[in-house]
There are 2 protein chains.
Amino acid sequence: MLGDRWSLLIIRDVMLFGPRTYKQLLESHERIATNILADRLKRLIAYEIIRADPEPADKRKLNYSLTKKGIDLAPVLTEMVLWAGAHEKTENQALIRQMRRDKEGFIAGIRERWAARQS
Amino acid sequence: MLGDRWSLLIIRDVMLFGPRTYKQLLESHERIATNILADRLKRLIAYEIIRADPEPADKRKLNYSLTKKGIDLAPVLTEMVLWAGAHEKTENQALIRQMRRDKEGFIAGIRERWAARQS
DNA sequence: CATTTCACTTGCAATATGCAAGTAATCGTT
DNA sequence: AACGATTACTTGCATATTGCAAGTGAAATG
């Protein structure tokens with residue numbers, strides 16, 4: 001279900017940066033193939049981990065965002081980023097320092113920003 | 001690196017049950033193909049997540065166990081199991097209840113049993 | 001109203017996975 | 001000591017998944 005190369009990366013992006021469009025997701029993971037991204041988004045929607053809402057300001061666009069089940073992955077993703085930060089060369093040291101300084105607070109922040117958007 | 005269907009399941013097994021042999025790993029995940037298991041073990045060793053030590057009592061056998069980098073995945077795996085327990089039908093409810101009751105203690109227990117074996 | 005942009009889809013080649021049948025070393029039994 | 005069973009793989013081949021490049025149609029932009 002999450003056992004493929006891309007799903008968790010997609011979820012991580014939406015989790016960290018908020019609602020993303022197809023194009024934003026394509027460009028952020030330099031090498032994901034367009035058909036695979038389309039397929040993964042379809043599957044993640046079917047699993048109710050993400051959802052797609054039309055952007056009112058531009059009817060071509062869809063905003064992909066996390067469901068409740070999706071943000072509940074925040075602790076998993078946070079631990080993964082921390083592990084990678086400790087054991088692999090990784091960019092985004094600032095993010096990792098922030099996570100390490102206050103892990104629970106970091107996760108709570110993600111949840112709060114998500115809840116605020118659900119209004 | 002962990003972005004495939006089997007690696008995290010293999011690591012989870014070794015984490016929860018301690019050193020495992022090839023045969024035990026083959027049988028525990030009902031459907032992993034033998035060539036794929038061999039390949040994943042090779043890769044996980046190359047990444048220094050697991051290691052293989054010969055069993056003194058039976059020279060045919062190798063015991064696969066976690067390295068330091070490997071047990072550092074304990075929080076990731078624990079959060080994953082908790083997430084799956086909350087959102088998917090899953091067996092092993094007893095394990096999940098234990099993890100939920102005292103997550104930090106659960107992880108500490110894994111680390112302690114691992115450290116004891118490293119003697 | 002022609003050109004871009006966006007969110008995909010399609011076709012095909014490359015890669016990864018799964019299955020079944022080996023193989024070599026060691027073990028357990030006679 | 002000899003023989004069959006076990007263990008940890010490897011090999012060959014079919015099938016499934018992924019990646020790449022070139023579309024497509026609808027909506028925005030100039």
Side-chain angles (χ1 to χ4, degrees), chain A residues 1-67 70 80 117, chain B residues 1-67 70 80 117:
Chain A
M1 177 175 187
L2 302 173
D4 74 281
R5 190 167 155 194
W6 298 110
S7 296
L8 286 169
L9 290 174
I10 294 168
I11 295 166
R12 187 199 61 182
D13 258 42
V14 180
M15 182 183 104
L16 294 176
F17 304 125
R20 306 269 86 187
T21 66
Y22 188 87
K23 195 183 179 228
Q24 287 176 315
L25 291 169
L26 247 195
E27 287 168 357
S28 73
H29 309 288
E30 210 46 58
R31 311 251 193 63
I32 187 169
T34 173
N35 55 338
I36 301 299
L37 176 58
D39 180 74
R40 282 317 99 93
L41 290 171
K42 228 173 256 175
R43 285 170 39 177
L44 291 172
I45 289 169
Y47 292 139
E48 298 185 289
I49 290 171
I50 64 172
R51 45 184 252 172
D53 306 289
E55 164 68 43
D58 185 342
K59 286 180 194 159
R60 290 170 307 177
K61 296 185 183 174
L62 288 178
N63 286 314
Y64 291 98
S65 59
L66 296 176
T67 62
M80 270 194 167
R117 268 184 248 110
Chain B
M1 175 177 190
L2 302 172
D4 75 281
R5 191 168 156 195
W6 298 111
S7 297
L8 285 168
L9 291 174
I10 294 168
I11 295 166
R12 187 199 61 183
D13 259 40
V14 180
M15 182 182 105
L16 294 176
F17 304 124
R20 307 269 84 189
T21 66
Y22 189 86
K23 194 180 181 235
Q24 287 176 315
L25 291 169
L26 247 196
E27 287 168 356
S28 73
H29 309 288
E30 209 48 55
R31 310 250 193 62
I32 187 169
T34 173
N35 55 340
I36 301 300
L37 176 58
D39 179 74
R40 280 320 98 92
L41 290 171
K42 227 174 257 175
R43 284 171 39 177
L44 290 172
I45 289 169
Y47 292 140
E48 299 185 290
I49 290 172
I50 64 172
R51 44 182 257 176
D53 306 287
E55 164 69 44
D58 185 343
K59 286 180 193 159
R60 290 170 304 178
K61 296 185 183 175
L62 288 178
N63 286 316
Y64 291 97
S65 59
L66 295 176
T67 62
M80 270 193 167
R117 269 183 248 111

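Just so it is clear, the structure is predicted and the values come from calculations on it, not from any experiment.
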Protein-nucleotide distance (A:R31, atom CZ; D:dC20, atom P), rounded to Å: 8 Å
Other residues, nucleotides, ligands: >12 heavy atoms within 6.0 Å of A:E48 CD: no
Closest nucleotide among D:dG19, D:dA8, D:dC9 to the A:N35 side chain: D:dG19
Distance-minimising heavy-atom pair for B:Y64 and B:A52: CE2-CB, 3.5 Å
Closest approach of B:I11 to B:L66 (non-hydrogen atoms, all atoms of both residues): CG2-CD2, 4.0 Å
Gap between atoms NZ and P, on A:K42 and D:dT18 respectively (whole Å): 14 Å
Atom-to-atom span, CG of A:D4 to P of D:dA16 - whole angstrom: 18 Å
Whole angstrom value for the distance that separates P of D:dA16 from CZ of B:R5: 13 Å
Of residues 52-65 of chain B, the positions that come close to DNA chain D - non-hydrogen atoms, cut-off under 4.0 Å: B:R60, B:K61, B:L62, B:Y64
Spacing between A:D39 atom CG and D:dA16 atom P, to the nearest angstrom: 15 Å
side-chain contact (heavy atoms from CB on, under 4.5 Å) evaluation trace for A:W6 with A:L9: CA-CA 5 Å; A:W6 298 110; A:L9 290 174; 3.8 Å; yes
Length of the line joining B:I50:CD1 and D:dA8:C1', which is rounded to integer Å: 13 Å
Nucleotide range of DNA chain C lying under 4.0 Å from chain B heavy atoms: C:dT17 to C:dC27
Integer-rounded Å distance: D:dA8 P and B:I45 CD1: 13 Å
Nearest heavy atoms of B:A33 and B:L26, plus distance in Å: C-CD2, 4.5 Å
side-chain contact (heavy atoms from CB on, under 4.5 Å) between A:R5 and A:I36, intermediate numbers included: CA-CA 10 Å; A:R5 190 167 155 194; A:I36 301 299; over 6 Å; no
Under-4.0 Å salt bridge between B:D4 and B:R40: yes
Shortest non-hydrogen contact between A:L37 and A:Y22, atoms and distance: CD2-O, 3.6 Å
Flag, side chain of A:T21 to backbone of A:L62, donor-acceptor distance under 3.5 Å: no
Gap between atoms CG and P, on B:L41 and D:dT7 respectively (whole Å): 16 Å
Sugar-phosphate only, base, or nothing, as touched by A:T21 at under 4.0 Å among non-hydrogen atoms: sugar-phosphate
